[in-house]
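Written below as structure tokens is the structure these notes are about.
Nothing fancy with the numbering, it's 1 onward along the sequence. Just so you know, ligand 1 is whichever comes first in the structure, and atom 1 is the first atom listed for that ligand.
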Amino acid sequence: MGDNVKGLAILGSTGSIGTQTLDVVRAFPDDLRVVALAARRSLELLEKQVEEFRPRLVSCHGTSEEKAFLASNGCVDCSMDEIVRDPEVDLVVTATAGDVALGPTFTAINAGRDIALANKETVVMAGAMVTSRAREMGVQLLPLDSEPNAIWQCIRGEDKKISRLMITASGGAFRDTPLEKLADVSPEQALKHPTWSMGAKITVDSATMMNKAFEVIEARWLFDVPWEDIEVVVHPQSIIHSMVDFVDGSVKAQLSPPDMHLPIQYALFYPNRVYNENIRRFNPTETGTLTFEEFDHERYPCFSQALDYAKRGGTWPAALSGADDTAVELFLTKKIGFLEIAKVIREALARHHNIEDPSLQDIVAAGEWGRNQVRKVVEG
Ligand code: MG
């Protein structure tokens, strides 16, 4: 792309982060340009996006009739791997669900493209590998997710004398549900997140706090902070998106109303801050009280369980991610209850054979193994 225009490839353009990324692009037509879009489903929405943003490359699933709009809009139909290697792409936004972007993310890093990272699975499954490869290639991994984005903003300009990271958690849909009632909560109830509007998988992951475990794993790898120096604190208002406690006792926090447009924009324009009239401002007197609560481990068994697997390294975190994927899907389709999510993941992973120093293929295979194993546990 030209000197001043940043060329974007957005993987997962029809999802929650993808559409909000395009909102930011829409506000800055002179600075950002969509070179490529990828989406698996939601072809109708993709077609609208293609008409509006005129990408040159598109990757999607569908029959040739379903994909006819691509040719009529002058788009080339290609794979995500081809998209991320395109020379006009400066920054790849990985906003897909699950692990479909794992391979393309490595392709992008190997091609020297910076990554705006929204997809957690990539770092959860392959954190050690993805961060070391990015360092070798001089590629920036720019976190889009609000909590690691907040930490990133707090440590900017610091020489990393970090004593601990404090990741905030809203508490999810069932923060105040009596423990004895959790067995009977429905998918519909789980999908009502108190402060954020997101996709179904991540909203259930927020209710179980699997999402928060994933964010701890992300922070471990993205900021190279030891496990024991990362804490989670419940902050129901979701105004403080995370805090960093430095060695001298000074704590920095990043505050803003719960709206993903801001962390997305920060990552797209980094290292610059830009004004966007569409982004809601923080008003302290209107917000009133900010509260904090200790994390309740009994309420969220998925959390400690997930971190236990993640700390083992190897293919454990990939198997965990795959297992969670299916467990959430089975909960959403009412095959298992809410409290069974943690249980079926535990039962499945009890049979995992770890690979110590895995290749990318081993990691992908372990994710697939985790998915299948949970299905076996539930369906016998
Ligand atoms: Mg988050």
Checking Gln20 against Ser16: is there a side-chain donor and acceptor pair closer than 3.5 Å? yes
Which atom of Asp145 is nearest the Mg ion (ligand 1), counting N, O or S only? It is OD1
Among the N/O/S atoms of Glu147, the Mg ion (ligand 1) lies closest to OE1
Which atom of Glu215 is nearest the Mg ion (ligand 1), counting N, O or S only? It is OE2
Nearest heavy-atom approach of Gly7 to Val35 is CA-CG2, 3.7 Å
If we ignore hydrogens and angles and just use 3.5 Å, is the side chain of Ser79 paired with the main-chain N or O of Glu82 as donor and acceptor? yes
Side chains of Glu293 and Thr291, donor plus acceptor under 3.5 Å: no
